[in-house]
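Working notes, beginning with the structure itself.
Chain letters run A, B, ... following the sequence lines, proteins first, then strands; residues in each count from 1. Reckoned from all heavy atoms, side chains included, excluding hydrogens, waters and symmetry mates.
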2 protein chains.
Amino acid sequence: MSAIGFEEHDHHHCIADAMQNAEALCATNSLKFTPTRRRVLEILLDRHQAMGAYDILEVLAVEGMGSQPPVAYRALDFLVSNGLAHKIERLNAYVACSHQGEDHTPGFMICTECKTVAEVPAASVRSILGEAASQTGFRVDRAMIEAEGVCANCQEHPA
Amino acid sequence: MSAIGFEEHDHHHCIADAMQNAEALCATNSLKFTPTRRRVLEILLDRHQAMGAYDILEVLAVEGMGSQPPVAYRALDFLVSNGLAHKIERLNAYVACSHQGEDHTPGFMICTECKTVAEVPAASVRSILGEAASQTGFRVDRAMIEAEGVCANCQEHPA
DNA sequence: GACAAGTCCGTTATGTTATAACATATGCGC
DNA sequence: GCGCATATGTTATAACATAACGGACTTGTC
Ligand SMILES: [Zn+2]
Ligand SMILES: [Zn+2]
Ligand SMILES: [Zn+2]
Ligand SMILES: [Zn+2]
């Protein structure tokens, strides 16, 4: 279990990497990785933070790629549907996926200080959830796990 | 682990019970269980389903208890803050708590067919989350667990 | 009882997030 | 080129949520 998001890393490299992965995934699955979709993913990767749809839209607007809400929401729907991004329900915001391709039930840790969102694999959580569910015959299709708290960095260096 | 919500039960009794509990809890903690707050909890208990703030407001309006959004949101804030109700982020909706008083990190199972929401204790999930978190030094303050799927009832009797 | 402080409530207005709906365009197989 | 599916541009609106302010009511204190 490693959490990208609270650690220093070669950001430039990680963007390029993720974009290449996304590219490959779309090619494999005959998905159309159009300019807007590509750009929205880049924006999310660049910030490495959860962004609201309207924040993204603002960036797109500056770049002349569309200024109406559906532009952002459609791109986000595509990215989320295809596992390239996730929606953080708690924040009504979106993040690029840190574990592209893996079939994951992601869990998120949201630092309320610095707003960083880290994605952690949560397979074990899913199994426990499934166990609880099976007792009542409930079939789990999707699970969301979002924890709010304070990251190590912000605990050490309070504002 | 028992899940109220997908099982038949004496609904009338369960409402009365919960209200009495709430009453007691408010008395103990010197909280003001005002008519609006009381009524909103009753409405939630009565439906035994997740309701949007505006759905609740509609009921209140019919009964002459207020017609502006803040009326509903203030009552909901009170109920959520004091553990008498929960917000389901995924649905932007609210449910009465099924385990009043217990210090719980609740998990929810949302049936996408019949819209029923069941609350299950999720202490074990929390511990796993804490474990994952501790590896990166993240301190978990609040956790949210929401599973979407299909309940036993709806699996047996598809629409 | 007078007063101050705190809490709750009514109301207006506005902010934020998300989607419906329809016209237009673009790509692709045939 | 034609027909179909998919993607985009655009307008409008729906759905969810809060800010802000003044008045009413409660509660504790003198
Ligand atoms: Zn992911
Ligand atoms: Zn932080
Ligand atoms: Zn509860
Ligand atoms: Zn159901």
Basic-acidic side-chain contact under 4.0 Å: Glu146(B), Arg142(A): no
Those residues that, when tested against Asn21(B), pass side chain to side chain contact (heavy atoms under 4.5 Å, CB included) (two or more places apart): Gln100(B)
Interatomic distance where CG belongs to Leu31(B) and C1' belongs to dT27(D) [whole Å]: 15 Å
Sequence neighbours excluded, every pair satisfying salt bridge (charged side-chain N to carboxylate O under 4.0 Å, His left out) that has a member inside residues 86-100 of chain B: Glu89(A)-Arg90(B), Arg90(A)-Glu89(B), Lys87(B)-Glu89(B), Arg90(B)-Glu148(B)
Interatomic distance where CZ belongs to Arg37(B) and C1' belongs to dT26(D) [whole Å]: 13 Å
ring-ring contact (aromatic ring centres under 6.0 Å, His included) partners of Phe108(A), counting only residues at least two apart: His86(A)
Under 4.0 Å protein heavy-atom contacts per nucleotide of nucleotides 13-30 of chain C, with B for base, S for backbone only and - for none: ----BBBBB---------
N/O (side chain, Thr36(A)) to phosphate O (OP1/OP2, dA7(D)) under 4.0 Å: no
Spacing of Met65(B) atom CE relative to dC9(C) atom P, expressed in whole Å: 9 Å
Result block: side-chain N/O donor-acceptor pairs under 3.5 angstrom for residues 50-60 of chain B, not counting sequence neighbours:
residue: Asp55(B); atom: OD2; partner: Gly52(B); partner atom: N; Å: 3.1

Qualifying residues under side-chain hydrogen bond (donor to acceptor under 3.5 Å, both in side chains), relative to Asp77(B), sequence neighbours excluded: none
